[in-house]
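Only this structure's heavy atoms are used, side chains among them; waters, hydrogens and symmetry mates stay out. Chain naming here is simple, since letters A, B, ... match the order of the sequence lines and numbering starts at 1 in each.
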Amino acid sequence: MSRRTELSLLRGAPLEVAPRLLGAVLRLGDVAVRLTEVEAYDGGNDPGSHAYRGETRRTRSMFGPSGHLYCYFTYGMHVCANVVCRDEGAAGAVLLRAGEVIDGIGTARGRRPKSNDRDLARGPARLCRTLGISLDDDGADLGEGPITLTFDDEVDTVSTGPRVGLRHAPDWPWRFWISDDPTVSLYRPAAPQRRRG
DNA sequence: GTTGCGATGCGCT
DNA sequence: GCGCATCGCAACA
């Protein structure tokens, strides 16, 4: 299998970059995950993007240079990671939704003791927990530092569909996954939140 | 296999 | 305060 580490492949429109990430391998420490599902977010044009309403402290790294991570904290307990793909000043990113653990399976199981192997990185927050990605990794440079991304030249069959869990613009077919891969997360349409009492 | 709901804390208005 | 690019568990089909 031929591999390369060209971070220039991460530069461009989110819709171009997203399918390139499928099959790529994200590594932190001894755990490596082969990406099987991603989702594109295009800053200013995209009501579903955190960057739609402009730069804030949280979204700062999404407006930074491409080839870096944008990590955010949500639902009081989860961390999700994006790869920034627009250049400085614009905001575009690809959310890493799911993957398959291909190395460091022992460490991964230790981080998620109740998951079976298929579910270790099945979902954006699970993927971060399994890899050990935290908010401290927001803005991390994929070109140098502990987190690396290795591209895969093998072409898989790719499927597309609507995005998951969004309250705004959920129907745009900006989600990409490797067809028939068992580690792709289950699709659930955005549901209105219930007020807690 | 599905559907429903509570947990939980930070950013934004 | 309110809402959230979620998850895990329980209950049910």
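At a non-hydrogen distance threshold of 4.0 Å, A:Gly48, A:His50 from residues 42-54 of chain A come into contact with DNA chain C. Near DNA chain C, defined here as any heavy-atom distance below 4.0 Å, the residues from residues 114-125 of chain A are A:Lys114, A:Gly123, A:Pro124, A:Ala125, listed numerically.
With rounding to whole Å, A:Trp172 atom CH2 is found 14 Å from C:dA5 atom C1'. Atom OH in A:Tyr75 sits about 6 Å away from atom P in C:dA5, given to the nearest Å. Atom CZ of A:Arg126 is separated from atom P of C:dA5 by 18 Å (rounded to the nearest Å). Atom-to-atom, CG of A:Leu69 to P of C:dA5 comes out at 19 Å; the value is rounded to the nearest Å. Distance A:Arg163 CZ to C:dT6 P: 11 Å, rounded to the nearest Å. Note: CZ (A:Phe73) to P (B:dG11) measures 9 Å, nearest angstrom. Remark: C1' of B:dG9 and CZ of A:Arg58 are 12 Å apart, rounded to the nearest angstrom. The CG atom of A:Leu166 sits 10 Å away from the P atom of C:dC4 (whole-angstrom rounding).
Checked options A:Val31, A:Thr148, A:Ile147, A:Thr150; the residue passing with A:Leu26 is A:Ile147 (criterion: side chain to side chain contact (heavy atoms under 4.5 Å, CB included)). Screening A:Leu149, A:Asn82, A:Leu142, A:Asp141 for a side chain to side chain contact (heavy atoms under 4.5 Å, CB included) involving A:Leu69 leaves a single residue, A:Leu142.
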Fill in the dot-bracket string of DNA chain C, one character per base: . for unpaired, | for a pair to another strand, ( ) or [ ] for pairs within the strand, taking Watson-Crick or G-U pairs under 3.5 Å. ||||.|||||||.

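Looking at residues two or more places apart in sequence or on another chain, you find a side-chain contact (heavy atoms from CB on, under 4.5 Å) between A:Ala51 and A:Ser49, A:Met62, A:Phe63, A:Ala91.
Atoms CG and OG, from A:Leu22 and A:Ser159 in turn, are 9.5 Å apart once rounded to the nearest 0.5 Å. Rounded to the nearest 0.5 angstrom, A:Cys85 SG and A:Glu16 CD are separated by 9.0 Å. Note: A:Trp174 CH2 to A:Leu166 CG = 11.0 Å, rounded to the nearest 0.5 Å. Considering CG of A:Leu120 and OG1 of A:Thr183, their distance stands at 10.5 Å, rounded to 0.5 Å. Between atom OG of residue A:Ser61 and atom OH of residue A:Tyr72 there is a gap of 12.0 Å, rounded to the nearest 0.5 Å. Taking CG of A:Asp138 as the start and CZ of A:Arg60 as the end, the distance is 7.0 Å to the nearest 0.5 Å.
Sorted by first and then second residue, the pairs that involve residues 119-134 of chain A and meet salt bridge (Lys or Arg N to Asp or Glu O under 4.0 Å), not counting sequence neighbours, are A:Asp119-A:Arg122.
Taking 4.0 angstrom as the limit, A:Arg97 places a side-chain polar atom (N or O) nearer than this to OP1 or OP2 of C:dT6. Look at A:Arg112 and you won't find any side-chain N or O under 4.0 angstrom from OP1 or OP2 of C:dC7.
Through chains of ILVMFWY side-chain contacts below 4.5 Å, A:Trp177 is grouped with A:Val184.
Remark: ring of A:Tyr41 stacked against base of C:dA5; centroid gap under 5.5 Å, plane tilt under 30°.
Looking at which nucleotide of DNA chain B each of A:Met77 and A:Leu135 is closest to, the 5′-most match is held by A:Met77.
Crowding of A:Asp180 atom CG: a count of heavy atoms from other residues, nucleotides or ligands under 6.0 Å not exceeding 12.
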